[in-house]
*Asks:* 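Can you keep this structure in mind? I'll have questions shortly.
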Amino acid sequence: MKLVTAIIKPFKLDDVREALADIGVSGITVIEVKGFGRQKGHTELYRGAEYVVDFLPKIKVEIAVDDSLVEQVIEAVTNAARTGKIGDGKIFVFDVGQVIRIRTGETGPDAL
Amino acid sequence: MKLVTAIIKPFKLDDVREALADIGVSGITVIEVKGFGRQKGHTELYRGAEYVVDFLPKIKVEIAVDDSLVEQVIEAVTNAARTGKIGDGKIFVFDVGQVIRIRTGETGPDAL
Amino acid sequence: MKLVTAIIKPFKLDDVREALADIGVSGITVIEVKGFGRQKGHTELYRGAEYVVDFLPKIKVEIAVDDSLVEQVIEAVTNAARTGKIGDGKIFVFDVGQVIRIRTGETGPDAL
Amino acid sequence: MEEPITHLAYALDTFYFLISGALVMWMAAGFAMLEAGLVRAKNTAEILTKNVALFSIACIMYMLIGYGIMYPTGGNGVIPSINWSFMFGGDHEVAAVLSSEGATYYSGMADFFFQVVFVATAMSIVSGAVAERMKLWAFLAFAVIMTGFIYPVQGYWKWGGGWLDSIGFNDFAGSGIVHLCGASAALAGVLLLGARKGKYGKDGSINAIPGSNLPLATLGTFILWLGWFGFNGGSELKISDIGEANAVAAVFVNTNMAAAGGLVLALATARMLFGKADLTMALNGALAGLVAITAEPLTPSPIAASLIGGLGGVLVVFAIITIDKLRVDDPVGAISVHGVVGMWGLIAVPLTNSDATFLAQFIGLFSILAWVFATSLLVWFLIKLAMGLRVSEEEEYEGVDIGECGLEAYPEFVGSGK
Amino acid sequence: MEEPITHLAYALDTFYFLISGALVMWMAAGFAMLEAGLVRAKNTAEILTKNVALFSIACIMYMLIGYGIMYPTGGNGVIPSINWSFMFGGDHEVAAVLSSEGATYYSGMADFFFQVVFVATAMSIVSGAVAERMKLWAFLAFAVIMTGFIYPVQGYWKWGGGWLDSIGFNDFAGSGIVHLCGASAALAGVLLLGARKGKYGKDGSINAIPGSNLPLATLGTFILWLGWFGFNGGSELKISDIGEANAVAAVFVNTNMAAAGGLVLALATARMLFGKADLTMALNGALAGLVAITAEPLTPSPIAASLIGGLGGVLVVFAIITIDKLRVDDPVGAISVHGVVGMWGLIAVPLTNSDATFLAQFIGLFSILAWVFATSLLVWFLIKLAMGLRVSEEEEYEGVDIGECGLEAYPEFVGSGK
Amino acid sequence: MEEPITHLAYALDTFYFLISGALVMWMAAGFAMLEAGLVRAKNTAEILTKNVALFSIACIMYMLIGYGIMYPTGGNGVIPSINWSFMFGGDHEVAAVLSSEGATYYSGMADFFFQVVFVATAMSIVSGAVAERMKLWAFLAFAVIMTGFIYPVQGYWKWGGGWLDSIGFNDFAGSGIVHLCGASAALAGVLLLGARKGKYGKDGSINAIPGSNLPLATLGTFILWLGWFGFNGGSELKISDIGEANAVAAVFVNTNMAAAGGLVLALATARMLFGKADLTMALNGALAGLVAITAEPLTPSPIAASLIGGLGGVLVVFAIITIDKLRVDDPVGAISVHGVVGMWGLIAVPLTNSDATFLAQFIGLFSILAWVFATSLLVWFLIKLAMGLRVSEEEEYEGVDIGECGLEAYPEFVGSGK
Ligand SMILES: Nc1ncnc2c1ncn2[C@@H]1O[C@H](COP(=O)(O)OP(=O)(O)O)[C@@H](O)[C@H]1O
Ligand SMILES: Nc1ncnc2c1ncn2[C@@H]1O[C@H](COP(=O)(O)OP(=O)(O)O)[C@@H](O)[C@H]1O
Ligand SMILES: Nc1ncnc2c1ncn2[C@@H]1O[C@H](COP(=O)(O)OP(=O)(O)O)[C@@H](O)[C@H]1O
């Protein structure tokens with residue numbers, strides 16, 4: 001099993017969620033994060049003093065899926081989250097050793 | 001070493017923390033997340049317009065432990081976080097390549 | 001490729017970011033978390049009732065880097081985040097299976 | 001007096017009443033902010049809804065029936081006979097005022113306006129104590145009975161010229177009739193309702209549940225402090241001659257000094273007991289000072305007023321701790337501030353006012369407490385039978401905002417409230 | 001009247017005017033808080049900036065030219081001739097007052113002060129409706145024209161003694177001249193501006209965009225409620241004899257009852273329609289009650305006032321839903337509260353005031369609506385040509401605070417606003 | 001004058017004083033909200049605690065000793081002799097008033113009430129400048145001396161009839177005696193205290209530390225604006241005849257116009273300098289306009305008042321930038337708003353008031369500055385020796401709320417404040 005995590009622009013969340021639903025992903029977990037990357041923040045003036053907003057708000061989406069679905073998920077997220085402008089974000093994929101559904105104790109793919 | 005991460009219902013956090021303390025876990029990291037899964041959000045009306053609350057507040061707990069403790073940790077979390085109702089959450093287990101304690105530079109199990 | 005995640009004290013974030021920039025890391029993702037560990041929270045009295053602040057605010061920094069840079073990153077973070085006092089935090093390193101840049105679809109090291 | 005003078009004096013006294021009333025109306029905002037600041041974020045929209053709705057209900061019920069009960073056309077001193085006429089309007093005729101020899105000296109409408117905001121104040125006290133767990137509609141049902149019936153009856157006993165007035169009970173602006181009254185109703189409600197989940201541990205521990213927004217709570221306290229100048233200042237009922245103007249001014253000064261005294265001593269007490277300057281205790285201290293002086297803000301000297309208020313401030317800290325130890329869960333400290341310190345205010349009257357007696361004060365205190373507590377307990381109980389008082393456990397965890405109001409007070413801010 | 005009496009009466013009426021004006025000025029804070037509470041966090045600093053700036057612009061423009069247009073030295077009832085003198089100061093001479101036989105009975109400066117805060121109120125109504133997407137400087141440019149020209153002209157028609165006054169149109173404190181006026185300008189702006197991104201889905205869905213801070217919105221409502229005592233109470237224009245004092249008192253009572261009625265019935269209506277006690281509807285209901293009674297707060301009995309306000313409260317809920325269905329995006333409900341209910345207020349006058357006729361009321365209603373809507377549409381259109389009305393899509397997503405003000409309202413609180 | 005007239009006039013003037021005082025008291029809430037909005041979330045509860053406590057301390061110290069120093073029974077014009085009697089109460093006898101031929105025309109208690117809220121205002125200015133790093137109890141210790149001694153002495157020099165009054169120094173409502181006084185004490189404190197950690201980089205950079213809650217700051221500004229009508233309006237000291245009523249009305253109008261002018265020009269200046277509509281500068285601009293007009297709100301025409309205030313608004317933007325460049329760290333801009341612009345207000349008096357001279361204004365300005373700065377520096381220094389002024393570095397990082405108050409202002413909202 002894999003955990004696909006994607007850092008995306010916040011206003012793309014709904015599109016990504018819908019794209020994932022369309023390919024049958026039944027659960028995701030979402031986290032508010034701040035990102036620092038090629039997309040630069042802005043320098044603002046607050047009361048005449050400089051104010052660098054380095055960190056931009058981003059959303060991190062975590063999707064645990066069966067290995068067989070990974071490519072589809074990546075594609076869905078990429079398409080839904082892409083604006084073509086700098087700062088669209090990244091996808092990282094990790095191996096998951098074990099999955100357990102707390103409610104039932106099920107493990108493995110059944111737990112998703 | 002492993003990282004056990006659990007997505008749980010927010011009000012179960014104290015129980016989970018206590019259960020982990022009981023089996024000797026000395027540190028955890030906690031993150032506020034929003035979850036989307038089988039447990040459906042509610043459709044509300046705000047000023048007469050529909051308002052779908054898809055994402056439910058959840059807590060993600062991350063526990064780095066020695067391999068030998070993983071099963072115990074999973075059991076503790078599962079028991080403490082279970083309500084039996086839908087939305088109780090999931091546990092994901094990951095391999096950790098390296099651990100370092102910043103303060104001392106210790107690595108490996110000693111760093112936990 | 002690896003994902004280096006560091007739990008640090010919030011006020012060290014700027015130092016860590018600068019240290020990483022110095023060694024050429026071009027992107028990071030930052031998350032507000034609460035930590036529980038050896039560094040104990042304080043017991044406060046609010047309106048005469050005890051109020052245990054178990055969880056301390058921490059920042060989690062995630063840095064995806066090429067394997068070759070991992071040691072350098074760890075060193076940079078360790079040096080920048082260290083105060084020598086308890087609660088300085090931990091670094092965990094994970095394997096990353098795949099990396100994709102959403103904007104371009106690039107994968108692997110190029111996507112960073 | 002000459003006719004033009006009578007006209008002017010009537011106008012001035014009416015204006016003074018209206019401004020005082022507007023200041024007291026503003027206290028409704030103060031209670032709303034104070035309570036919104038002291039509950040958790042997930043219960044904030046609901047407490048706001050309760051506050052705006054109770055104020056409105058109080059106005060309507062008091063117009064329909066409460067005012068007629070409190071200032072009846074007749075009655076035997078205990079049971080009033082109701083006067084239904086107010087809602088249809090009308091005021092003093094010019095000729096009647098001119099021929100009244102000063103007996104009728106301000107507008108009847110202004111009188112109602114000033115009185116109605118007092119009822120709302122009494123009811124506002126209740127909402128804080130039962131916050132974070134009581135059903136919205138159950139609360140509003142109680143508000144109907146409280147403002148239309150329970151409050152007016154005891155109001156009649158004193159201010160309507162009933163039996164408490166006859167025995168020489170003194171309560172200038174309502175330490176008893178408003179504040180103790182509200183607190184007694186609150187206590188009855190809390191006893192039937194029980195504590196918030198998580199407030200008291202199985203092991204006997206008492207947990208703190210910190211208020212979510214202390215700037216709001218502070219703003220609320222300042223609003224109440226300001227409004228209190230109308231509350232006490234207007235209760236002199238007349239300002240249009242030198243003596244009365246001096247009296248109103250003395251009331252303003254003493255009201256302010258009592259609040260200041262209460263705040264400083266509560267802050268110091270909290271500092272001594274807990275080692276920290278607990279802001280919420282300081283705020284409760286200011287309110288305690290205000291409640292304490294309300295029964296008699298005219299006769300004390302400024303320094304005496306500071307002390308009466310200051311003692312209120314000390315008292316309120318201990319009261320809050322004690323009531324909490326008794327496992328009576330009052331999220332905002334309303335029972336301590338308005339009840340315990342309201343009693344202190346009543347008892348302190350004879351210290352500076354030689355017309356008052358401790359006996360009459362105690363009789364008044366107990367009769368208000370008994371009447372309001374007993375009737376409230378009954379009404380709460382009936383509401384409990386009819387519709388239940390308490391939201392479900394799940395709703396309490398999730399926050400009553402979603403369940404009762406269908407919205408969140410701060411939808412973008414709070415992630416997962418614990 | 002004797003000289004000293006005239007002095008005192010003049011002083012009292014002037015003081016009453018000044019206090020009323022101060023209360024209306026306070027409404028500017030109410031609008032600011034209400035709107036700040038009902039927009040999203042990322043647009044909060046900008047709406048605050050608009051509110052403080054529009055108030056200031058209104059004061060300056062009305063001093064320079066608006067007051068002179070509204071109360072001109074001459075004019076034919078439709079087109080006023082401007083009087084430029086106010087800005088240089090000056091007030092009634094003592095001798096002139098004494099010899100005026102009561103015709104001149106309060107300070108001209110106080111009159112200006114009271115009037116100027118009304119202009120600001122009208123303009124405040126606009127800012128809420130166009131919130132979250134209109135450019136700051138475009139909005140302020142409109143404020144200049146609206147407060148210096150559009151508002152004063154129709155104000156002249158009625159309060160300046162123009163043609164609407166002659167035909168017997170009744171509008172005590174401005175359900176039409178202030179509230180409908182503001183709403184008409186807002187409607188014109190919204191039509192040219194379009195809805196917020198994401199408010200209406202391609203599939204015809206209507207999405208909710210919840211306000212970010214309901215305690216602020218509630219505070220704003222309480223502030224407006226308090227300020228309205230000045231708004232309506234001061235519009236009686238005189239308090240210094242028994243009859244006038246009674247009238248002012250009746251206005252206070254009715255204003256309060258109408259707000260209470262509006263709140264309770266809006267809450268109940270929302271409960272019935274949606275199953276939940278929507279706090280934002282309750283707040284709009286209170287404001288609707290206030291707007292409804294503003295055209296005639298004197299003649300109704302208290303119970304009639306509650307009903308007039310209460311109907312306003314019911315109406316506003318349906319108006320908000322309907323306007324939303326028409327895809328006219330008004331984040332705070334200003335067009336419903338001030339426009340739709342403003343009309344109801346005007347139409348309700350003849351129900352309790354036998355001097356008013358439905359015909360005159362309708363003529364007034366339509367002429368205000370037509371004048372303000374048409375001129376506003378033109379002005380908005382010219383501004384759109386000159387500098388554009390709407391921020392870029394990107395700026396709208398990011399929030400206008402960063403783009404327009406260079407800062408965030410809550411920099412530490414909100415992570416990633418959607 | 002006839003007896004009934006004297007009664008009524010006394011009542012009206014007393015009422016006017018009390019209402020003015022209540023409005024000024026409300027300014028305490030304004031400072032609290034403004035400062036709470038401009039500091040970081042982690043230091044909010046502490047600044048609130050300072051604000052409520054300093055107000056209370058000011059009331060108590062001024063009652064005990066300050067009022068007696070400022071309005072002494074004797075004194076040589078420089079050193080007053082203290083009058084201890086106030087705290088024991090008492091007011092003008094009716095007979096004394098009637099026989100005073102108008103010399104005694106309002107309640108002594110009302111006078112105290114109006115005066116005491118001014119002291120608190122001066123002290124409120126200090127809390128903002130030293131925010132986010134000064135120890136709570138050190139600050140409160142200073143408040144005791146400032147309000148009981150430093151402020152009253154210079155107050156005596158002018159308003160108590162001392163030497164500044166004799167040389168013809170003009171300061172209507174206190175641009176100098178209140179605002180410059182507060183700012184001078186603040187400056188002395190800031191110099192001894194140093195800047196907040198992270199405000200100035202080692203490399204010479206100046207960092208912005210954004211305020212955490214701009215709606216609160218905006219609310220605070222509106223509250224101050226409203227309160228200022230009492231501050232300046234009440235300082236006319238009499239309203240009960242035609243001339244005085246006109247004067248009070250002119251003061252209201254000019255106060256309002258100056259604030260509006262200050263806001264608009266500060267906003268425009270910030271827009272020109274920074275390219276963005278910096279809301280915090282606009283708010284400071286309004287306050288600067290108010291401070292500027294305070295020394296003479298009566299003689300200017302409305303347009304002149306707008307300009308005097310407007311120049312204050314421009315000035316404050318440059319002052320804030322300059323003071324920041326000098327590495328004097330003032331989180332809320334108090335030294336600029338109240339100090340720099342306070343001086344401008346004093347200097348502007350002779351422009352419209354022919355009774356004033358630049359010489360006397362400068363003498364007044366420098367003597368207030370010198371006295372308050374020197375004594376404050378000494379007192380701050382002694383407090384520093386005795387208990388230290390500054391919290392530990394660790395406490396500053398963590399936020400002073402936890403360390404000083406043991407609680408958080410927004411416990412549920414902010415994750416890890418940086
Ligand atoms: N090396 C990295 N490690 C972790 N997160 C990264 C890394 N690089 C980028 N990110 C995250 O991805 C976001 C977008 O990256 P950025 O370089 O700005 O643009 P792009 O994705 O178009 O290359 C950043 O804001 C950050 O949150
Ligand atoms: N495939 C998934 N990937 C990531 N997180 C998931 C996934 N499925 C569920 N979750 C998380 O677990 C939470 C609970 O899941 P849900 O399906 O609602 O109930 P249950 O755990 O009882 O099956 C979700 O709110 C979400 O945060
Ligand atoms: N086993 C663990 N798993 C996950 N996070 C941990 C673990 N131990 C510690 N942490 C995180 O690291 C932080 C610092 O750890 P702590 O034990 O307090 O001090 P130190 O890092 O000096 O040993 C904690 O607040 C917590 O966020």
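Lettering follows sequence order; numbering is per chain, from 1.
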*Asks:* Under 4.5 Å, counting heavy-atom pairs only, tell me which of B/Gly105, B/Ala64, B/Ser26 racks up the most with chain C.
*Replies:*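 It is B/Ser26.
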*Asks:* Name the option with the most non-hydrogen atom pairs under 4.5 Å to chain C; the candidates are B/Glu62, B/Arg103, B/Glu106.
*Replies:* B/Arg103
*Asks:* Select, from C/Ile86, C/Ile7, C/Val4, C/Thr83, the one with the greatest count of heavy-atom pairs under 4.5 Å involving chain B.
*Replies:* C/Ile86
*Asks:* Hey, which of C/Gly84, C/Gly89, C/Gly35 has the most heavy atom pairs under 4.5 Å with chain B?
*Replies:* C/Gly89
*Asks:* Please identify, among B/Val25, B/Leu3, B/Thr29, the residue contributing the most non-hydrogen atom pairs under 4.5 Å to chain C.
*Replies:*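 Most heavy-atom pairs within the cutoff with chain C belong to B/Thr29.
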*Asks:* Would a distance-only check, ignoring hydrogens and angles, find a side-chain to backbone donor-acceptor pair under 3.5 Å from C/Lys34 to B/Glu32?
*Replies:* no
*Asks:* Would you mind reporting whether B/Asp95 and C/Asp95 have side-chain heavy atoms less than 4.5 Å apart?
*Replies:* no
*Asks:* Once side-chain contact (heavy atoms from CB on, under 4.5 Å) is applied, do any residues pair with B/Glu75, and if so which ones, sequence neighbours excluded?
*Replies:*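 Partners of B/Glu75 under the side-chain contact (heavy atoms from CB on, under 4.5 Å) test: B/Asn79.
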*Asks:* Is the backbone of C/Asp88 close enough, under 3.5 Å, to the side chain of C/Arg82 for a donor and an acceptor to pair up by distance?
*Replies:* no
*Asks:* Relative to chain B, which segment of C/Lys60 carries a heavy atom at a distance below 4.5 Å: side chain, backbone, both, or neither?
*Replies:* side chain
*Asks:* Do B/Val61 and B/Val77 come within less than 4.5 Å of each other through their side chains, counting heavy atoms only?
*Replies:*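 Not touching, per the 4.5 Å side-chain cut-off.
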